[in-house]
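Heads up, the thing below is written out as structure tokens.
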Amino acid sequence: MTLLVTGCAGFIGSAYCRYVLKHHPEDAIIGLDALTYSGNLSTIADLQESSRFSFVQARIEDEAAVSDVVKSGSVSAIVNFAAETHNDRSILEDADFLTTNVIGVSKLLKVVRGCGVQKMVQVSTDEVYGAAPHGKFTEDSPLLPNTPYSASKAAGDLQCRAHFKTFGTPVIITRGGNSYGPFQYPEKLISFFAVRLLQDKKVPLYGDGSQVREWIHVMDHAAGIDCALRSGTPGEIYNIGTENERKNSEITRVLLDLLSKPESLIKQIEDPRKGAHDVRYSMDSSKLRSLGWKPQVDFDRGLRETIAWYDEHESWWKPICDRPEYQQFVARFYGPGLGEDL
Ligand code: DAU
């Protein structure tokens with residue numbers, strides 16, 4: 001079949017394309033991406049070498065452009081990774097989050113309906129459930145998002161639910177945990193800290209670093225999404241979790257160890273997320289596991305390989321870190337003084 005992968009030039013979207021090209025030799029991919037700040041052609045250079053991959057630059061909100069691609073490419077399924085994804089950026093300004101994560105999703109759902117696409121997967125996040133101080137979220141847990149980012153993802157999920165209920169649009173939602181691996185834009189805990197430590201710069205640990213995240217290797221996340229696409233039921237939601245829960249402070253210390261850097265490079269800062277900083281995420285993913293998926297990548301190995309990848313791929317991340325937009329975000333979010341100090 002031909003898949004339309006939206007957000008293909010981002011972190012998880014590009015990993016998903018790699019996964020499909022490797023595991024489904026009969027499939028072709030049309031990759032679509034708006035190439036905003038976090039989508040980079042350098043991320044998909046290897047994909048562009050495949051005769052089974054083609055690229056289109058467009059926004060998912062551009063219903064006419066996406067419709068044209070779907071019709072001319074005889075697309076039978078859409079997997080949507082296109083999203084604004086960084087909580088810290090959503091605290092500064094949420095407009096792009098609402099445009100892409102809500103309006104964009106609703107436009108895609110219209111394309112699915114209008115063009116008779118057989119299935120769509122909306123790639124969402126465990127953050128829509130809010131914080132889990134205790135226990136685990138199931139797919140039936142209430143949506144209690146705490147940041148503008150996670151609220152926009154929850155709104156996108158509700159668009160999917162509404163289109164399924166109202167029109168029977170065949171959409172599946174996946175909700176993944178914190179992903180790590182190669183090609184992650186250097187603004188998230190692991191990718192940001194890795195590139196800063198590699199440059200002997202300090203890393204800003206929010207508060208006491210006691211928050212817990214459920215970490216998943218990006219290829220395990222990609223495999224989970226693919227399992228939901230091929231074996232899941234329209235209208236259903238699937239959590240994609242690993243039970244690999246780690247405190248931010250632990251992750252930070254492991255990164256220092258892996259890179260042989262001193263503790264003095266940790267800078268504990270006042271928590272910029274304040275009340276919106278979810279203390280813990282944790283999911284029950286038995287529903288997806290019952291379809292045959294389970295994570296394969298051991299965290300210690302995955303993290304070691306990921307850090308080695310960043311060490312070896314300065315040619316990928318340095319041009320990003322040198323962009324004025326990137327430097328302005330770091331200075332604006334962490335404060336000019338702190339930005340320089342960092
Ligand atoms: O849980 C899935 C979500 O994981 C995805 O939906 C989001 O797109 C993705 O960004 C991620 O959200 P988080 O906010 O959990 O990820 P982030 O890497 O930004 O932060 C992870 C933890 O590390 C969080 O408790 C905040 C902390 N942190 C983060 C950064 C960037 C720091 O202490 N310092 C930092 O500089």
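Both counts, for ligands and for their atoms, begin at 1 and track the order of listing. Keep in mind it's a predicted model, so treat the numbers as computed, not measured.
- Residue contacts with ligand 1 include H277, since one or more of its heavy atoms lies under 4.0 Å from the ligand.
- Taking the charged nitrogens against the carboxylate oxygens, R18 and E49 have no contact shorter than 4.0 Å, which rules out a salt bridge.
- Taking only non-hydrogen atoms, the option from N178, V128, T147, V330 nearest to atom 16 (O) of ligand 1 is N178.
- The distance between the ring centers of Y16 and F81 falls below 6.0 angstrom.
- With ring centers used as reference points, H217 lies under 6.0 Å from Y180.
- Close contacts of ligand 1 with F192, meaning ligand atoms under 4.0 Å from a residue heavy atom, involve 36 (O).
- In this structure, the protein non-hydrogen atom closest to atom 27 (C) of ligand 1 is N248 ND2, 3.4 Å.
- Environment of NZ in K110: sparse, with no more than 12 heavy atoms of neighbouring residues, nucleotides or ligands closer than 6.0 Å.
- Aromatic rings from W316 and F183 are positioned such that their centres are separated by under 6.0 Å.
- Seen from the ring of Y37, R323 does not count as a face-on cation partner, given the 6.0 Å and 45° thresholds.
- Per-residue contacts place T125 under 4.0 angstrom from the following atoms of ligand 1 (heavy atoms of the residue considered): 1 (O), 2 (C), 3 (C), 5 (C), 6 (O).
- Protein heavy atom nearest atom 1 (O) of ligand 1, with residue, atom name and distance: D126 OD1, 2.5 Å.
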Task: Audit row: D27, R230, salt bridge (Lys or Arg N to Asp or Glu O under 4.0 Å) steps and yes/no - done: CA-CA 12 Å; D27 287 354; R230 290 166 206 269; 2.7 Å; yes

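- Ring geometry for F333 versus F329: interplanar angle under 30°, hence parallel rather than tilted (30 to 60°).
- For ligand 1, the atoms closer than 4.0 angstrom to any heavy atom of Q211 are 25 (O).
- Nearest protein neighbour of atom 29 (C) of ligand 1, counting heavy atoms only, is Y206 CE1, 3.7 Å.
- At a heavy-atom cutoff of 4.0 Å, ligand 1 is contacted by both the backbone and the side chain of T85.
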Task: Verdict with supporting geometry, F192 and Y334, ring-ring contact (aromatic ring centres under 6.0 Å, His included) - done: CA-CA 13 Å; F192 185 45; Y334 296 102; 5.6 Å; yes

Task: Audit row: R175, E127, salt bridge (Lys or Arg N to Asp or Glu O under 4.0 Å) steps and yes/no - done: CA-CA 8 Å; R175 294 182 177 148; E127 296 205 10; over 6 Å; no

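- With a 4.0 Å cut-off on non-hydrogen atoms, H86 touches ligand 1 through its side chain and not its backbone.
- Of the options R273, R213, E187, the smallest heavy-atom separation from atom 19 (O) of ligand 1 is shown by R273.
- Counting protein heavy atoms only, atom 13 (P) of ligand 1 is closest to E127 OE2, 3.3 Å.
- Within a 6.0 Å radius of NZ in K247, no more than 12 heavy atoms belonging to other residues, nucleotides or ligands are found.
- Of the heavy atoms in K188, both backbone and side-chain atoms come closer than 4.0 Å to ligand 1.
- An N or O contact shorter than 3.5 Å is missing between W215 and ligand 1 by distance.
- Between Y238 and W293, the distance separating the two ring centers is not shorter than 6.0 angstrom.
- Those atoms of ligand 1 with a heavy atom of G177 less than 4.0 angstrom away are 1 (O), 2 (C).
- Between the choices Y334, F11, Y149, the shortest heavy-atom distance to atom 36 (O) of ligand 1 belongs to Y334.
- Considering backbone and side-chain N/O atoms, D88 never comes within less than 3.5 Å of an N/O atom of ligand 1.
- For ligand 1 and L205, the ligand atoms under 4.0 Å from any heavy atom of the residue are 33 (O).
- Few gaps surround CD on E325; more than 12 heavy atoms of other groups in view lie less than 6.0 Å from it.
- Looking at P204 next to ligand 1, an N or O pair under 3.5 Å apart turns up.
- Here L189 has heavy atoms under 4.0 Å from ligand 1 in both its backbone and its side chain.
- Geometrically, ligand 1 and I190 share no nitrogen or oxygen pair separated by less than 3.5 Å.
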